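So the structure is just underneath, and the comments pick up after that.
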Amino acid sequence: MRTILFLLMLVASSAVSAQSIDFNSAAAWSQFHFHTGNEVTVSADDTCLVFVTNRHLSPDSLRFVDEFVDTTSLKYFFLEKQEGKWNVYQEATLGEAMQRLPIKRDVVLYAEGMGKIFTANVMRAQLMSAQYNVNVVMFDYASINTTYKPSKNFRFARENASLSARQYYNLLLQFQQARKLEAPWLTGVHFTTFNHSMGNIIVREMMQTQDVQPLNDYPFIDNLVLNAACVPQKGHADWVNKMRFARHVYIHHNRKDFQLKGAHLITMKKQLGEKIRGEKAVNATYVNFHDAVRYKHSYFMNFPQKDYRIPTELVGYFSRLLRGEEITSTAAASQLVIVKEKDKTLSSTRL
C-alpha cells in the first residue's frame, strides 16, 4: 500500500513539474519585461503586485530570476500588468515597492508550497489579489527546479523552504517596523500572512531557529494562517504557542488531503495540515475542511486550469480571513457545515 501511495505522490509531483515547465517556456517569460530603471506610471486599473524574492537575479536574461535560493539577500520587485504584459521593477526596499501600489487595501503576505517558479507564483499572486481584493506581497523562493526529477524536487523544495526561514523572519521585522512607524501603505489596513503547504516549513523553521522575541513585541499581524501545512503535526503546539506577534492564528487541516497523505508516506510523519492529534496550541483556531473539500489540497482559490470551484461559503470565509477579520471556530464550523449539507443535497439529486 505504501508503494502505491508513493507512486501516486510521484505522479502528482510530476504533474506539478509539467505545469511549471509550461510556465518556464520562452513564451511565458516573454510576457515579463524586467526594467533596470524606475520609470513607473501606474493606473488604478492596472493589476499590481509586490514580490520579495531570494532567487538569484540575472537582469539581462529572459529568465531574469533563476531556480535556486540566494540566502545572502532579498530582492524587492514591484509588478504591474498592462495590456497583458508584466512590467517588473526592482526596488531598493520593501517600503519603496509597497508605496507604488495604486490602491490602498488590506495586505496579504503569501508564501506558496512546492512546484512554483517565478512566473507560476505571479499567476497565483494575481489570482489571490483579484479574487479577494487584497494587495498581495508574494514571498518568492525556489520551490522547484525544472531539470530535477520529482523525488529530488521534493527534497529540494523542503530544503529551500528551510533555508528561507531567516530571510522570512527579516521580512516580518520589516513589516513590524512599518507598523511601528505608521508607514502610509500599512496604516489603517489589516495585515495577514498566508502560508500554504510547504510554505509552512518556512514558518516552522523560523520559530525553531530564530530569536522571535523581537517579533513578539506586540501583535502586528492580524491573521496568521497555516493552510494545509506540510510540516510534522507532532509537537506543533510547542512552536505555535510562541507566536505572540499575531492577533489570531488559524490552522487549516483535512485528513483526506491527497498531497499531504503523500508527504506523510514519504516522511513517515503525520502532517499538520492532515490531521490533528495530541496537544493543541492554545492560541490557535483549528478549522477542519475535511467534509467541505474532501481530498483537495489547494482549496482556497479558483484556478483557471482546474474544474473545481470553491463553494460560495468558502469564498466568504477566505475573503474575511485574508482581509484580517477575526473568525471564531464556531463561525468557521457553521460555514463548513453549510457546504457539507449542500454537497449532500447535490449528490442525492444526481442519484
Side-chain angles (χ1 to χ4, degrees), residues 1-20 111-116 120 124 143-144 148-162 194-205 225-237 239-240 250-281 284 286-303 305-311 314 317-318 332-333 336 339-340 343 347:
M1 181 55 122
R2 286 179 177 174
T3 302
I4 294 173
L5 287 173
F6 179 72
L7 291 173
L8 289 172
M9 180 63 181
L10 289 184
V11 170
S13 297
S14 297
V16 169
S17 298
Q19 183 184 54
S20 293
E112 257 292 343
M114 176 184 171
K116 314 301 182 301
R124 293 231 167 186
S143 62
I144 193 171
Y148 292 169
K149 294 181 179 180
S151 57
K152 186 174 181 178
N153 263 321
F154 185 80
R155 297 190 300 272
F156 177 80
R158 294 177 69 200
E159 290 170 1
N160 283 353
S162 294
F194 187 90
N195 290 65
H196 175 61
S197 196
M198 281 193 189
N200 290 279
I201 294 174
I202 300 171
V203 179
R204 178 177 183 263
E205 185 75 8
V225 186
L226 307 178
N227 188 74
C230 190
V231 298
Q233 188 269 156
K234 185 176 181 180
H236 76 275
W239 54 270
V240 173
Y250 297 87
I251 297 177
H252 296 164
H253 59 101
N254 170 19
R255 71 174 184 268
K256 287 192 175 181
D257 186 315
F258 182 77
Q259 276 86 343
L260 294 185
K261 282 186 175 295
H264 178 174
L265 179 72
I266 294 173
T267 63
M268 300 299 293
K269 295 179 180 179
K270 292 184 177 67
Q271 301 299 292
L272 178 58
E274 182 186 7
K275 193 172 183 178
I276 308 299
R277 286 185 175 176
E279 183 183 359
K280 291 184 177 182
Y286 292 80
V287 184
N288 185 353
F289 280 83
H290 164 247
D291 290 334
V293 301
R294 299 181 183 178
Y295 59 87
K296 300 292 190 301
H297 182 61
S298 297
Y299 44 78
F300 57 96
M301 283 197 301
N302 290 323
F303 299 97
Q305 70 272 27
K306 296 182 180 180
D307 293 332
Y308 174 73
R309 287 296 174 262
I310 308 172
L314 289 194
Y317 169 81
F318 281 107
L336 298 182
V339 175
K340 178 184 176 182
D343 187 59
S347 297

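This is a predicted model, so every value here is computed, not measured. Worth knowing before you read on, the calculation uses all heavy atoms, side chains too, and leaves out hydrogens, waters and symmetry mates. Residue numbers run from 1 in the order of the sequence given.
The side chain to side chain contact (heavy atoms under 4.5 Å, CB included) test with Pro232 singles out one residue from Met268, Arg204, His264, and that residue is Arg204. Among Phe300, Tyr295, Phe318, the single residue meeting the ring pair (Phe, Tyr, Trp, His ring centres under 6.0 Å) criterion with Phe289 is Phe318.
At least one side-chain heavy atom of Ile251 sits less than 4.5 Å from a side-chain heavy atom of Leu272. Counting heavy atoms from C-beta outward, Leu314 and Leu336 have side chains that approach closer than 4.5 Å. With a 4.5 Å cut-off on side-chain heavy atoms, His196 and Ser298 count as touching. Side-chain contact between Ile310 and Phe303: absent, with no pair of heavy atoms (C-beta onward) separated by less than 4.5 Å. Side-chain contact check for Arg294 versus Lys256: every heavy-atom pair is 4.5 Å or farther apart. Between Lys234 and Lys270 there is no side-chain heavy-atom pair separated by less than 4.5 Å. Taking 4.5 Å as the limit, some side-chain heavy atom of Lys280 sits within range of a side-chain heavy atom of Ile276.
Judged by distance alone, the side chain of Gln271 and the main-chain N or O of Val231 form a donor-acceptor pair under 3.5 Å. The main-chain N or O of Asn227 is never found under 3.5 Å from a side-chain atom of Asn195 such that the two would form a donor-acceptor pair. When atom types are taken as modelled, the side chain of Asp257 and the backbone of Gly273 share no donor-acceptor pair closer than 3.5 angstrom. Listed for the Ser143 side chain is a donor-acceptor partner under 3.5 Å among the backbone atoms of Gly115.
Ion pairing between a basic and an acidic side chain is recognised when a charged N comes within 4.0 Å of a carboxylate O; Arg124 and Glu112 show such pairing.
Atoms CG and CG, from Asp291 and Asn254 in turn, are 9.0 Å apart once rounded to the nearest 0.5 Å. Here the CZ-SG distance, from Arg158 to Cys230, works out to 7.0 Å after rounding to the nearest 0.5 Å. The CD atom of Glu159 sits 11.5 Å away from atom CD of Glu205, with the distance rounded to the nearest 0.5 Å. The NZ atom of Lys275 sits 8.0 Å away from the NZ atom of Lys261 when rounded to the nearest 0.5 Å.
Heavy-atom minimum distance, Ala229 versus Asn200: CA-ND2, 3.3 Å. Between Ile144 and Lys116, the shortest heavy-atom distance links the atoms CG2-N, 3.7 Å. Minimum interatomic distance between Ala281 and His236 (heavy atoms only, all atoms of both residues): N-NE2, 4.2 Å. Minimum interatomic distance between Val240 and Ala284 (heavy atoms only, all atoms of both residues): CG1-CB, 4.2 Å. Between Ser162 and Ile201, the shortest heavy-atom contact is OG-CG2, 3.4 Å. Taking every heavy atom of both residues into account, Glu274 and Leu260 meet most closely at N-CD1, 3.7 Å.
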### Task
Give the C-alpha distance, both sets of side-chain angles, the deciding distance and a yes or no for side chain to side chain contact (heavy atoms under 4.5 Å, CB included) between Ser197 and His297.
CA-CA 8 Å; Ser197 196; His297 182 61; 2.9 Å; yes
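Annotation: cation-pi pair Lys152/Phe156 absent, no NZ/CZ under 6.0 Å from the ring centroid and within 45° of its normal. Judged by a 6.0 Å distance limit and a 45° cone about the ring axis, Lys296 is not positioned over the six-membered ring of Phe258.
Here the two rings, on Tyr250 and Tyr286, have centers that are 6.0 Å apart or farther. Ring-centre distance between His252 and Tyr317: below the 6.0 Å cut-off.
Within a 6.0 Å sphere centred on CZ of Arg309, other residues, nucleotides and ligands contribute more than 12 heavy atoms.
Applying the side chain to side chain donor-acceptor pair (under 3.5 Å) criterion to His253, with sequence neighbours excluded, gives no partner residue.
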